[in-house]
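Here's the structure we're looking at; comments come further down.
So you know, we letter chains A, B, ... as the sequences are listed, proteins then strands, and number each from 1. Owing to the predicted nature of the structure, the values given are computational and were not obtained by experimental measurement.
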Amino acid sequence: MWRRHRVLIGATLVGLAAIGVLPMASPSIVTLLALILAKGVVVLGIIVLLQAGQVSFGHAMFFAAGAYAVAFYGRYVGVGDMLLYLVFGAVAGGVLGLIVGLFVVRYREIFFGMLNLAFSMVLWSLLEKMFHYTNGADGIRVARPALVGLTFTPDQFSYVLLYLSFAIAVAALFAVQRYLESPLGSMLRAIKSNETRLEYLGISARRVLLVGYVTSAVLAGLGGSLVAVIQQIATPEFAYWTKSGEFVFIAILGGTGHALGAFAGAAVFEFVRFYASAQLADAWQMILGFVLIAIILLAPAGLIGIVRRRSAGERSAA
Amino acid sequence: MTKVVLSARGLVIRFGGVVAADGVDLDVQAGEHLAIIGPNGAGKTTFLNIATGYLKPQAGSVEFLGQDITAHSPRAITRLGIARAFQIPQLFLEHTVIESLLIAAASRNGRLATLRSLEDLPEREEMMQLLELVGARDAAEHKAVVLPEGRRKLVDIAMALALKPKLVLMDEPTSGVASAEKFAIMDVLVAALNAQAVTSVFVEHDMDVVQRYADRVAVWSSGKIQTVGTPREVLADPAVISQVIGI
Ligand SMILES: Nc1ncnc2c1ncn2[C@@H]1O[C@H](COP(=O)(O)OP(=O)(O)OP(=O)(O)O)[C@@H](O)[C@H]1O
Ligand SMILES: [Mg+2]
């Protein structure tokens, strides 16, 4: 157990130190860190699907499903508890994931990617057009919830969200790692290398992919509900294709070979966006573009690949 | 009284102008090892493709243990107890060999809902023994992608056997193995099949292997079965010698 999870435990400690120390340097960073962790959870789902060699360009639909589950609850039922919101977000993502998944798991590669995109655009336009229920492009404001009955000041709450996001991120990281090492997770990788053999072992590649798909949708929904609370709003932008692209971008940036890549990628992405947009207004996309080009050319295994190569190098040097 | 395990009747399949199966009738008896021989392009692999549901014949049917499986998927047929080893190995290239076998074992024993690590499944030792049996134990921790062709074939056979099938169909099992090692591999393979009462059909180009291990031989020629008989009868037939063996 300790040996196998050495890397994850190490990363958890580094993360813990980061969320403990960084806010001391700059309190404004608290919300940014929470956002990084929440998005990392979504990207974890993208990485799950990438194990099967499939790229979804529509995962923002599940992200939005989680966010709107929270927003609708607040609007139609009343302010709920944070834990309830998270459960709702995950369930909304999972249910939508099952419905869409039953359809898209029959397809592979470009067809898989584009079908996901198409479904997400349907959701996006529904959110835009059904003004009466969704406020259209303005979105729905999300009021600050309590956490297991405890209420907080806005300041306190930003810290609460940070710690909660951290706990969720760590739990998701360990759960995904466990899943990927299990027989079903291993079969997911087999879809990428030889689906014919998988079928000839009596295994349904579609069912294996469906489990991965729903898992990734749950993660996206969970992340979406977190982001809705962190940003206090859910808008149709959450479901827009550029958002889906952003998640894939972060996954490639961080590296798809290890679950930790999700968080490494999200951290770099959000930091660049945060600081570059403060300094250079509209140039942050360009900077991120160059960062990604550099990663693809110089380190195709992503940021996490660089770390891995280094530690492997040190180990063989020792 | 022998029991028929696999029964093909009137199989026909055409690819454009090529008739790869042209009225194939064949019964495979329980417990026997049936060799399929015939020149390149005769339709041997096509027969295995039809028998495992990968190709649907334009006419004819296949029964397995009395059940019509002609329209079944490869997956459904596998679950009924037919496993296949391929002419061109079909492996999970990014997995290690032992992981690949454990995936097979997990499928066989329905271990899909578990969150246990694949590496820790109780079938691990059994799979290591299986690798030992096919002479590939030393490759257990290697990724399939780095293995040379000969070893890939052995791993491919092991993946079929890992399912503990009732019937195994092997497409040129010894083609990647050096002549000197063929008998050694076949000795253990056939002994293992006999020990578990597994019926087998194997496509083979090496007549020494056929002579030594087959109970019966079916001779394919242009999508048809030319003759079926014991190796002694068939390999002495002048027509077979000229057309198939080519001497
Ligand atoms: N899926 C397919 N599509 C088109 N033609 C095919 C297909 N499968 C087989 N054929 C053709 O059918 C004929 C029989 O092929 P098959 O692979 O069954 O031969 P074989 O007896 O296994 O030969 P070999 O000894 O070379 O493996 C060949 O002419 C082949 O080109
Ligand atoms: Mg062939």
(message) Quick check for you: to the nearest 0.5 Å, what is the distance between B:Arg108 atom CZ and A:Ile203 atom CD1?
(response) 12.0 Å
(message) For the CD atom of B:Gln90 and the CD atom of A:Glu199, what is their distance to the nearest 0.5 Å?
(response) 12.5 Å
(message) Quick check for you: among B:Leu121, B:Leu163, B:Leu80, B:Leu93, which has the greatest number of heavy-atom pairs under 4.5 Å with chain A?
(response) B:Leu163
(request) Just give me the residue among B:Ile77, B:Leu91, B:Ile82 that pairs up with chain A most often, heavy atom to heavy atom, under 4.5 Å. (result) B:Leu91
Where on [X] is there a heavy atom nearer than 4.5 Å to chain A: the side chain, the backbone, both, or neither?
{"X": "B:Ser73", "result": "neither"}
{"X": "B:Ala104", "result": "both"}
{"X": "B:Arg116", "result": "backbone"}

(request) Could you look at A:Thr196 and say if it's the side chain, the backbone, both or neither that has a heavy atom under 4.5 Å from chain B? (result) side chain
(request) Name the region of A:Leu198, side chain, backbone, both or neither, that has any atom closer than 4.5 Å to a heavy atom of chain B. (result) both
(request) Please work out whether the ring planes of A:Tyr200 and B:Phe86 are parallel, tilted or perpendicular, with thresholds of 30° and 60°. (result) perpendicular
(request) Look at the side chain of A:Arg197 and the backbone N and O of B:Phe92, then say whether any donor-acceptor pair between them is shorter than 3.5 Å. (result) no
(message) Using a 6.0 Å cut-off, check whether atom NE2 of B:His142 has over 12 heavy atoms from anything other than its own residue.
(response) no
(request) Verify the neighbour count for atom CG of A:Leu16: are there more than 12 heavy atoms of other residues, nucleotides or ligands below 6.0 Å? (result) yes
(request) Determine the minimum heavy-atom distance between A:Ser182 and B:Thr114, stating which atoms define it. (result) CB-O, 3.6 Å
(request) For A:Ser186 and B:Leu118, work out which heavy atoms get closest and say how close. (result) OG-CD2, 3.4 Å
(request) Kindly indicate whether the side chain of B:Leu112, heavy atoms from C-beta on, has any atom under 4.5 Å from the side chain of A:Met187. (result) yes
(message) I'd like to check A:Arg207 versus B:Arg75 (side-chain heavy atoms, cut-off strictly below 4.5 Å). Are they in contact?
(response) yes
(request) In sequence, state the C-alpha distance, the side-chain angles, and the governing distance for A:Glu181 and B:Glu119, and then conclude on side-chain contact (heavy atoms from CB on, under 4.5 Å). (result) CA-CA 8 Å; A:Glu181 284 174 9; B:Glu119 295 275 344; over 6 Å; no
(message) Among A:Leu184, A:Val208, A:Val211, which residue has the highest count of heavy-atom pairs closer than 4.5 Å to chain B?
(response) A:Leu184
(request) Go through A:Gly202, A:Gly185, A:Ser193 and name the one with the most non-hydrogen pairs under 4.5 angstrom from chain B. (result) A:Gly202
